Amino acid sequence: MKSKKRIIIILLLVFIVFVFLFKDNLLKMLYPKTYQETVVLYQEKYGIEGNLIFAVIKAESNFDKDAISNRNAIGLMQLMEETAKDVARKNDIELDTENIKEELCDVNKNIQIGTCYLSTLIERYQNKEVALAAYNAGIGTVDGWIEKGIIRKDGTDIEKIPYKETNNYVRKILRDYKIYEDLYKN
């Protein structure tokens, strides 16, 4: 019995040392920078921090370019068809609306439209947290919360977001964004 406990303790210690030594590598597996070239292209074009884009992609699709939600949001950045059409039209982004699902599963097109949309929201609200809430819940919903005084436009009371899903979403994106910032400091 003592020998089993000793083996378990040794294995636990080896595991702890392993995790300590390889923590960054393990975290980079959980928080990858897949599609980095495309993200860099559009972060520069639309003035959005790349790590924020990666955090949104991680939360929305976990880097599955073919992801489709139960609400029919599509692709890496989980775009709704109507939102994608509107963003593309307003920003002269070519989008084949006859094959919109295929278009939105295209890595380049999805990241371009999603980043452009996020940029528009950040410009509109002048606040990352409120913009993320609008990305999840919709502009009309967030504008309504602001008009009713439920949340402030400056995001100082973002924890008061009334939709649990959106509240958790904003917190998750901000957490993942911080992890990306810390992990990829170079």
Side-chain angles (χ1 to χ4, degrees), residues 27-88 90-91 93 95 100-101 103-143 145 151 153 155 158-159 161 163-186:
L27 280 173
K28 284 181 179 179
M29 288 171 54
L30 294 172
Y31 293 88
K33 284 198 162 187
T34 311
Y35 312 116
Q36 186 165 9
E37 287 180 19
T38 305
V39 169
V40 167
L41 174 68
Y42 294 115
Q43 85 179 50
E44 290 172 1
K45 181 171 184 171
Y46 296 111
I48 298 290
E49 298 167 81
N51 288 326
L52 182 60
I53 299 166
F54 284 115
V56 169
I57 292 171
K58 173 146 182 63
E60 290 287 358
S61 67
N62 202 26
F63 297 91
D64 177 1
K65 70 179 188 64
D66 297 316
I68 299 178
S69 76
N70 57 356
R71 294 185 181 159
N72 289 318
I74 302 169
L76 291 169
M77 296 185 77
Q78 290 292 279
L79 300 167
M80 299 299 289
E81 289 182 17
E82 290 308 311
T83 300
K85 288 176 188 176
D86 188 51
V87 171
K90 288 178 179 174
N91 295 280
I93 299 171
L95 183 67
I100 190 129
K101 280 192 169 71
E103 284 274 280
L104 294 179
C105 287
D106 176 77
V107 169
N108 186 65
K109 191 68 66 178
N110 192 283
I111 293 174
Q112 180 183 19
I113 293 171
T115 302
C116 181
Y117 182 50
L118 186 57
S119 172
T120 302
L121 294 173
I122 290 172
E123 187 176 312
R124 176 186 183 112
Y125 295 107
Q126 296 294 302
N127 180 277
K128 190 182 316 174
E129 292 82 359
V130 177
L132 289 168
Y135 192 95
N136 181 263
I139 293 170
T141 301
V142 170
D143 285 351
W145 293 339
I151 65 169
K153 190 173 181 179
I158 204 71
E159 70 280 350
I161 292 172
Y163 289 2
K164 185 177 182 177
E165 176 190 332
T166 302
N167 195 310
N168 290 337
Y169 174 84
V170 171
R171 291 171 192 266
K172 181 178 183 176
I173 299 286
L174 294 175
R175 181 203 65 209
D176 289 355
Y177 171 66
K178 173 89 171 98
I179 291 170
Y180 272 105
E181 288 284 292
D182 291 343
L183 196 55
Y184 295 96
K185 286 180 184 173
N186 308 352

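For clarity, every value in this text was computed on a predicted model and none was experimentally measured. Start at 1 with the first residue, then count along the sequence.
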Novice: Does some side-chain heavy atom of Ile74 sit less than 4.5 Å from a side-chain heavy atom of Ile100?
Specialist: no

Novice: Just by distance, no angles: are the side chains of Asn108 and Tyr42 close enough, under 3.5 Å, to form a donor-acceptor pair?
Specialist: yes

Novice: Show, in sequence, the C-alpha distance, side-chain angles and deciding distance for Met77 and Ile53, and conclude whether the side chain to side chain contact (heavy atoms under 4.5 Å, CB included) test is met.
Specialist: CA-CA 9 Å; Met77 296 185 77; Ile53 299 166; 4.3 Å; yes

Novice: Restricting to ring-ring contact (aromatic ring centres under 6.0 Å, His included), what partner residues turn up for Tyr163, sequence neighbours left out?
Specialist: Trp145

Novice: Would you sort out whether Thr166 and Thr141 count as a side chain to side chain contact (heavy atoms under 4.5 Å, CB included), showing the intermediate values?
Specialist: CA-CA 11 Å; Thr166 302; Thr141 301; over 6 Å; no

Novice: So which heavy atom on Ala59 is nearest to which on Ile173, and how close?
Specialist: CB-CD1, 3.3 Å

Novice: Name all residues meeting the side-chain contact (heavy atoms from CB on, under 4.5 Å) criterion together with Asp143; count only those two or more places apart in sequence or in a different chain, and write none if there are none.
Specialist: Arg124, Tyr125, Ile139, Glu147

Novice: Just verifying a value: how many Å separate Asn72 CG and Glu82 CD, rounded to the nearest 0.5 Å?
Specialist: 11.5 Å

Novice: If only atom types and distance count, is the side chain of Thr34 paired as donor or acceptor with the main-chain N or O of Phe63 below 3.5 Å?
Specialist: no

Novice: Closest approach of Ile161 and Ile151, non-hydrogen atoms and distance?
Specialist: N-CG2, 3.9 Å

Novice: Ile57 versus Val39: any side-chain heavy-atom pair under 4.5 Å?
Specialist: yes

Novice: Any donor-acceptor pair under 3.5 Å linking the side-chain atoms of Tyr135 with those of Gln78?
Specialist: no

Novice: Should Asn110 and Lys65 count as side-chain neighbours, where that means a heavy-atom distance under 4.5 Å?
Specialist: no

Novice: Can Lys172 and Lys58 be said to form a side chain to side chain contact (heavy atoms under 4.5 Å, CB included), step by step?
Specialist: CA-CA 10 Å; Lys172 181 178 183 176; Lys58 173 146 182 63; 5.8 Å; no

Novice: Do Gln43 and Val40 touch side chain to side chain, with heavy atoms closer than 4.5 Å?
Specialist: yes

Novice: Near Glu123 CD, under 6.0 Å, is it more than 12 heavy atoms from other residues, nucleotides or ligands?
Specialist: no

Novice: Nearest 0.5 Å, what's the NZ-CG distance between Lys109 and Leu104?
Specialist: 9.5 Å

Novice: Does this structure show an ion pair linking Lys101 with Glu81, if we count only N-O contacts that are shorter than 4.0 Å?
Specialist: yes

Novice: Any donor-acceptor pair under 3.5 Å linking the side chain of Thr83 with the backbone of Leu79?
Specialist: no

Novice: Given Ser61, which of Leu76, Val56, Ile68, Asp66 fulfils the side chain to side chain contact (heavy atoms under 4.5 Å, CB included) condition?
Specialist: Leu76

Novice: Rounded to the nearest 0.5 Å, what separation is found between the OG1 atom of Thr120 and the CG atom of Asn91?
Specialist: 5.0 Å

Novice: With rounding to the nearest 0.5 Å, note down the distance linking CD1 in Ile111 to CD1 in Ile48.
Specialist: 13.5 Å

Novice: Test side chain to side chain contact (heavy atoms under 4.5 Å, CB included) on Leu118 and Leu132; report intermediate values, then the result.
Specialist: CA-CA 8 Å; Leu118 186 57; Leu132 289 168; 4.1 Å; yes

Novice: Given side chains that start at C-beta, do those of Ile93 and Ile113 come closer than 4.5 Å, heavy atoms only?
Specialist: yes

Novice: Do Leu27 and Asp182 make a side-chain contact, defined as non-hydrogen atoms from C-beta onward lying under 4.5 Å apart?
Specialist: no

Novice: Hey, does Tyr117 have a side-chain heavy atom less than 4.5 Å from the side chain of Lys90?
Specialist: no

Novice: Who passes side-chain contact (heavy atoms from CB on, under 4.5 Å) against Lys33, sequence neighbours left out?
Specialist: Gln36, Asn51, Phe54, Tyr180, Tyr184

Novice: Under a 4.5 Å cut-off applied to non-hydrogen side-chain atoms, are Leu183 and Lys28 in contact?
Specialist: yes

Novice: Is it true that Glu181 and Lys178 make a salt bridge, defined as a side-chain N closer than 4.0 Å to a carboxylate O?
Specialist: no

Novice: To the nearest 0.5 Å, how far apart are CG in Asp86 and CG in Leu95?
Specialist: 11.0 Å

Novice: For a quick test of reading the model, state the closest non-hydrogen atom pair linking Val87 to Cys116 and the distance between them.
Specialist: CG1-SG, 3.9 Å

